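To start, the structure itself, in structure tokens.
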There are 2 protein chains.
Amino acid sequence: MIKDFFNCEHVGKMTGDKRREQILLTAVSLFSQRGFSGTTTKEIARAAGVSEAMVFRHFSTKSELYGAILDNKACHDGVRFPWDENPVLQEAIKQKDDFKVFFNIALNALTKQQADENFMRLLFYSALEEHELADRFFNEFVARLYEFIGNYIEGRQKDGAMREINPRIVVRAFLGMMIHHSLNNILWDKKRRLLDISNEEAAKNFAEIILHGVSK
Amino acid sequence: MIKDFFNCEHVGKMTGDKRREQILLTAVSLFSQRGFSGTTTKEIARAAGVSEAMVFRHFSTKSELYGAILDNKACHDGVRFPWDENPVLQEAIKQKDDFKVFFNIALNALTKQQADENFMRLLFYSALEEHELADRFFNEFVARLYEFIGNYIEGRQKDGAMREINPRIVVRAFLGMMIHHSLNNILWDKKRRLLDISNEEAAKNFAEIILHGVSK
DNA sequence: GCATTATAAGTAAGTGCTTACTTACTACTC
DNA sequence: GAGTAGTAAGTAAGCACTTACTTATAATGC
């Protein structure tokens with residue numbers, strides 16, 4: 001599984017950087033499944049196919065390994081905002097096509113959350129465990145998201161297109177729908193017993209509800 | 001005796017049942033803060049003011065202690081639904097006063113979630129750790145909540161008061177707002193930097209958004 | 001081209017401490 | 001004096017982390 005991912009029959013030696021990243025990705029997977037204190041360094045080493053000493057060669061403590069996850073994430077995938085490299089959204093904003101804006105943000109978020117289930121779980125674990133990782137993600141990502149969507153709503157209120165209501169409450173309601181939906185799918189209702197809909201359908205309905213919800 | 005003089009429950013002996021419950025409540029607090037594997041039996045014993053051996057006299061394993069929490073919760077507080085012993089809500093339903101219905105449910109949920117932060121955290125931990133506790137709560141509480149609110153919406157759609165939309169999507173959106181709001185307050189934004197509103201204000205706004213959102 | 005050597009990749013077998021859980025015993029109360 | 005509340009002092013296994021050592025590799029000097 002990990003071997004497949006790296007497309008590398010690694011029986012021999014690896015370069016340091018490659019091995020470091022492999023250990024990191026193995027750790028993401030295990031930490032996201034069992035949390036920080038539920039995962040042992042022995043397990044990580046075993047899953048990565050190396051000795052425990054190798055883990056400590058690359059990361060001086062278990063905590064450092066945990067912390068390195070977000071750095072790697074930020075550096076590798078980049079902390080991508082919905083508006084980054086997204087001409088459709090940028091165009092929709094210019095045209096003030098509210099449905100397109102909210103639909104695009106919702107679909108974007110739901111798709112990402114579904115694709116990166118492990119990272120989602122990690123984020124929740126780190127929030128519960130009160131690890132620095134959670135704070136950083138909140139400040140670097142969530143806070144900016146609130147500002148961005150909040151600003152858009154404020155603009156549309158000035159245009160007279162939306163009713164007077166604290167924009168941040170609207171953002172909270174909107175993000176709440178999406179995050180709760182993903183959380184349900186990841187944590188509680190994996191079999192989709194309560195609600196089984198595609199991301200497109202969810203995004204469309206959530207966007208419609210929030211837009212009707214704030215219309216005059 | 002010393003006990004009487006100091007009027008102190010921690011010194012001297014307790015009846016078995018009292019001690020058992022005290023250990024259980026101590027455990028709830030610690031498990032909710034650090035998770036199952038992040039909490040040691042030694043810590044629990046210390047916090048409860050007894051020796052570790054006493055913990056194992058009352059609960060044969062650490063796992064059993066964890067499992068006993070929900071049983072105690074269900075038995076003690078009961079699993080209370082928003083509509084239980086809530087004449088205001090029942091009256092609102094009869095009168096088909098949509099705002100009153102949704103506002104009442106929202107305020108009820110937000111207040112409870114705020115009051116029982118520990119239990120909320122425990123629930124999230126158990127979901128991540130895939131403990132039976134999470135499943136039971138989902139099946140016994142969440143599923144019924146979906147059915148109840150979903151049925152009300154379906155009825156109002158038949159009345160022609162709400163537009164055609166899958167009622168469960170509406171429930172998900174509505175619960176999403178509330179749970180995400182509580183989660184934010186408990187986990188990420190304890191200082192209320194992003195949004196600082198009372199439960200009443202949140203409930204009012206969420207109810208309004210969802211009602212406008214599904215209106216014709 | 002080939003032996004030499006510096007260095008990074010790798011490990012087996014620890015270290016001391018902590019863990020969940022036990023045993024063998026004492027003290028209090030009815 | 002019987003039974004329960006309580007503990008001090010364990011035990012074996014597991015934990016994060018280290019040490020002391022062995023390879024593989026690739027650049028260097030001849």
Side-chain angles (χ1 to χ4, degrees), chain A residues 2-3 6 8-28 30-31 33-69 125-126 129 131-133, chain B residues 1-31 33-69 125 129 131:
Chain A
I2 285 158
K3 264 184 200 163
F6 280 93
C8 165
E9 293 302 325
H10 91 288
V11 181
K13 291 193 178 181
M14 268 189 185
T15 65
D17 285 354
K18 270 225 155 195
R19 184 64 88 191
R20 193 190 139 94
E21 204 183 329
Q22 188 215 354
I23 293 171
L24 211 65
L25 284 167
T26 310
V28 170
L30 285 175
F31 280 139
Q33 275 159 54
R34 309 197 233 280
F36 181 76
S37 47
T39 306
T40 67
T41 50
K42 203 177 189 170
E43 280 175 332
I44 294 169
R46 219 186 124 101
V50 291
S51 68
E52 233 181 316
M54 276 311 292
V55 174
F56 285 99
R57 159 100 86 228
H58 286 286
F59 308 93
S60 64
T61 62
K62 188 185 170 188
S63 253
E64 194 194 299
L65 168 57
Y66 195 66
I69 288 171
Y125 259 123
S126 69
E129 287 168 339
H131 196 277
E132 169 215 33
L133 197 117
Chain B
M1 278 257 4
I2 287 165
K3 193 167 119 186
D4 297 322
F5 187 80
F6 283 99
N7 189 27
C8 166
E9 297 203 42
H10 289 274
V11 180
K13 292 193 177 182
M14 267 189 184
T15 64
D17 284 354
K18 270 227 154 198
R19 185 62 88 189
R20 194 189 138 94
E21 203 183 329
Q22 188 215 352
I23 293 171
L24 210 64
L25 285 169
T26 310
V28 170
S29 163
L30 286 175
F31 280 139
Q33 274 159 53
R34 308 197 232 278
F36 181 75
S37 46
T39 306
T40 68
T41 51
K42 202 177 189 173
E43 281 175 332
I44 295 169
R46 217 187 125 102
V50 290
S51 69
E52 236 181 311
M54 273 313 290
V55 174
F56 286 99
R57 167 150 297 168
H58 286 287
F59 307 94
S60 66
T61 63
K62 186 184 170 187
S63 252
E64 194 194 298
L65 169 56
Y66 193 69
I69 288 171
Y125 258 123
E129 287 167 339
H131 196 277

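This is a predicted model, so every value here is computed, not measured. No hydrogens, no waters, no symmetry mates; every other heavy atom, side chains included, goes into these values. A, B, ... follow the sequence lines: proteins, then strands. Residue 1 opens every chain.
One distance of note links OG of A:S126 with CZ of A:F36; it measures 11.5 Å at 0.5 Å rounding. Separating the NZ atom in B:K62 from the OG atom in B:S37 is a distance of 6.5 Å, to the nearest 0.5 Å. Between the CD atom of B:E52 and the CZ atom of B:R57 there is a distance of 14.0 Å, given to the nearest 0.5 Å. The distance from the CZ atom of A:R19 to the CD1 atom of A:I23 is 6.5 Å, given to the nearest 0.5 Å.
In this structure, the CZ atom of B:F56 is 13 Å from the P atom of C:dT23, given to the nearest Å. The interatomic distance linking A:Q22 (CD) with C:dA9 (P) rounds to 13 Å, in whole Å. If you measure from atom NZ of B:K18 to atom P of D:dA5, you get 14 Å, rounded to the nearest angstrom. Whole-Å rounding puts the B:M54 CE to C:dA20 C1' distance at 17 Å. If you measure from atom CD of B:E64 to atom C1' of C:dC21, you get 13 Å, rounded to the nearest angstrom. B:R20 places its CZ atom 16 Å from the P atom of D:dT4, with the value rounded to the nearest Å. The CZ atom of A:R19 sits 22 Å away from the P atom of C:dT7 (whole-angstrom rounding). Taking atom CD of residue B:E52 and atom C1' of nucleotide C:dT23, one finds them 14 Å apart after rounding to whole Å.
Using a 4.0 Å heavy-atom distance criterion, B:V55 is classed as making no nucleic acid contact.
Considering A:V50, A:L24, A:L65 as possible partners of A:I44, the one that fulfils the side chain to side chain contact (heavy atoms under 4.5 Å, CB included) test is A:L65.
For A:F31 and A:Y125, the ring centers sit 6.0 Å or farther from each other.
Interface remark: the B:R57 side chain does form a donor-acceptor pair with the D:dG6 base, using a distance-only criterion of under 3.5 Å.
Listed nucleotides: C:dT11, D:dA16, D:dT7. Nearest to the side chain of B:S51: D:dT7. The side chain of A:A53 lies closest to D:dT19 when the candidates are D:dT19, D:dA8, C:dG10.
Scanning residues 39-46 of chain A for heavy-atom distances under 4.0 Å to DNA chain D yields A:T39, A:T40, A:T41.
Between A:H131 and A:Y66, some side-chain heavy-atom pair lies under the 4.5 Å cut-off.
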